[in-house]
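Heavy atoms only: backbone and side chains are in, while hydrogens, waters and symmetry mates are out. Throughout, protein chains are lettered first and strands after them, A, B, ... in sequence-line order, and every chain is numbered starting at 1.
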Protein chains: 2
Amino acid sequence: MPTAISTRPVAIDEVDTRYLETLLGYNARRVSLAVIEVFLQRMADYKLRPVDFSVASLIVHNPGITSRQLCSTLGLLPPNLVGLINALEKRGLIRKRPHPTDGRASGLHATAAGISLMKEAEVAATSLEAEVATRLTATERVTLVRLLKKVYL
Amino acid sequence: MPTAISTRPVAIDEVDTRYLETLLGYNARRVSLAVIEVFLQRMADYKLRPVDFSVASLIVHNPGITSRQLCSTLGLLPPNLVGLINALEKRGLIRKRPHPTDGRASGLHATAAGISLMKEAEVAATSLEAEVATRLTATERVTLVRLLKKVYL
DNA sequence: TATTGTTATACTCTATAACTATA
DNA sequence: TATAGTTATAGAGTATAACAATA
């Protein structure tokens, strides 16, 4: 028999989050925020926020990539990328060059300084992630990333 | 031997995302956004955005919970919860009642209408998640949620 | 003195409309 | 006619400071 519903108002001492914790979206968001929190701290040295980092990393690994390709890859909107790209260029981390076949577009290239910075930043990012996921074994971490990719890729 | 670096500018036909895809934060964020996208569509019927849903669900499952407890549980800031709570109250989904022991706080309670709506909304949320994670087996989904919780809990 | 809830406000992030130059 | 990039702007989300009421 279920317990009778209390008629007297009662203070909650421990919050029951069991339903929310069954949800993939809830848990994915919590992990995302947990990583971002540490990311912002550690990557402040490089003056790179998560999106800056993703964009710069893609430029390093894809010399000549266009803004349009960055947008569709990362799910960004073109107007929101303009300032970001210009800021990276102003810092001397990337350079716009004429696109070889499309006169409307620019090919984005990392400078030597950009490549150097991102080499360090990527090591730092990978390292801080290991720190955040410290409760997971190496195998569990690989499994987690594999399953996450399987959801959206 | 590695291939020599091309001196001629070349257009990128397929974007290499392999580095980013090794990152837990990147993948968690992508999954989070993928779920939110479908969530916003499906839950528009209930006029519940992700945070509204989380708050209302916690109130249903924790009658008498305070704003302060909602904030610390969900990682929200008190000022940002005020309007949200008032909107739910205005819609007749929740009610503020005096807190039994703390005169500063209010105990939040779902109304019959709120309980009814959230019963449907939770079914819809669970259902849409299964849809988003359709590429995962039931076992994989359980594993994914377990590993995500292990990261931040 | 510390905490709950609130107001006002600022900052960041994301989204929409419209324009230009080129395809 | 469609697309890449841009500008301007609007909206949503998140953050800080300061206050009244109560602990």
For DNA chain C, determine which residues of residues 41-74 of chain B have any heavy atom closer than 4.0 angstrom to one of its atoms, and list them numerically. B:Thr66, B:Ser67, B:Arg68

Hydrophobic cluster (4.5 angstrom, side-chain heavy atoms) - remaining members for A:Ile36: A:Leu40

So do B:Leu84 and B:Val55 actually touch side chain to side chain, heavy atoms under 4.5 Å? yes

According to ring-ring contact (aromatic ring centres under 6.0 Å, His included), does anything in residues 23-42 of chain B pair up with another residue at least two apart or in another chain? List the pairs. B:Phe39-B:Phe53

Could you tell me the separation between the CG atom of A:Leu77 and the C1' atom of D:dT6, rounded to a whole number of Å? 14 Å

Rounded to the nearest 0.5 Å, the CG atom of B:Leu147 sits from the CG atom of A:Leu147 at a distance of 7.0 Å

Residue pair A:Asn62 / B:Glu14, side-chain heavy-atom distance below 4.5 Å: no

5′-ward residue of the pair A:Asn86/A:Asn80 relative to DNA chain D: A:Asn86

Whole Å only: how far is the CZ atom of B:Arg97 from the P atom of C:dT4? 21 Å

Here the distance between atom P of C:dG5 and atom CG of B:Leu84, to the nearest Å, is 14 Å

Crowding at CZ, B:Arg91 (>12 non-hydrogen neighbours, <6.0 Å): yes

Taking for each residue the nucleotide of DNA chain C bearing the nearest heavy atom, is the 5' side occupied by B:Lys96 or by B:Arg29? B:Lys96

Testing the 3.5 Å rule here: is there a donor-acceptor pair between the side chains of A:Tyr46 and A:Asp52? no

Between B:Leu76 (CG) and D:dA15 (C1'), how many Å, whole number? 12 Å

Tell me, which pairs form a salt bridge (charged side-chain N to carboxylate O under 4.0 Å, His left out) where one or both residues lie in residues 119-131 of chain A, sequence neighbours left out? A:Arg42-A:Glu131, A:Glu129-A:Arg141

Provide, to the nearest angstrom, the distance between the CD1 atom belonging to B:Ile85 and the P atom belonging to C:dG5. 9 Å

Inter-residue atom distance A:Leu108.CG - A:Ile59.CD1, 0.5 Å rounding: 4.5 Å

Rounded to the nearest 0.5 Å, what separation is found between the OG atom of B:Ser54 and the CG atom of B:Leu74? 5.5 Å

Nucleotide D:dG5, atom C1' - distance to CG of A:Leu108 in whole Å: 11 Å

Nearest-nucleotide check on DNA chain D, A:Leu33 vs A:Pro79; residue mapping nearer the 5' end is A:Pro79

Measure the spacing between OG1 of B:Thr111 and CD of B:Glu89 and express it to the nearest 0.5 Å. 10.0 Å

Between CG of A:Leu81 and P of D:dT6 the distance, given in whole Å, is 8 Å

Could you state the atom-to-atom distance from CG of A:Leu40 to C1' of C:dC13 in whole Å? 13 Å

Residues in residues 100-107 of chain B with a heavy atom under 4.0 Å of DNA chain C, by number, are B:Arg104, B:Ala105, B:Ser106

Compute the angle between the rotation axes at the two ends of the helix from C:dT1-D:dA23 to C:dA23-D:dT1, each taken over five pairs, rounded to 10 degrees. 10°

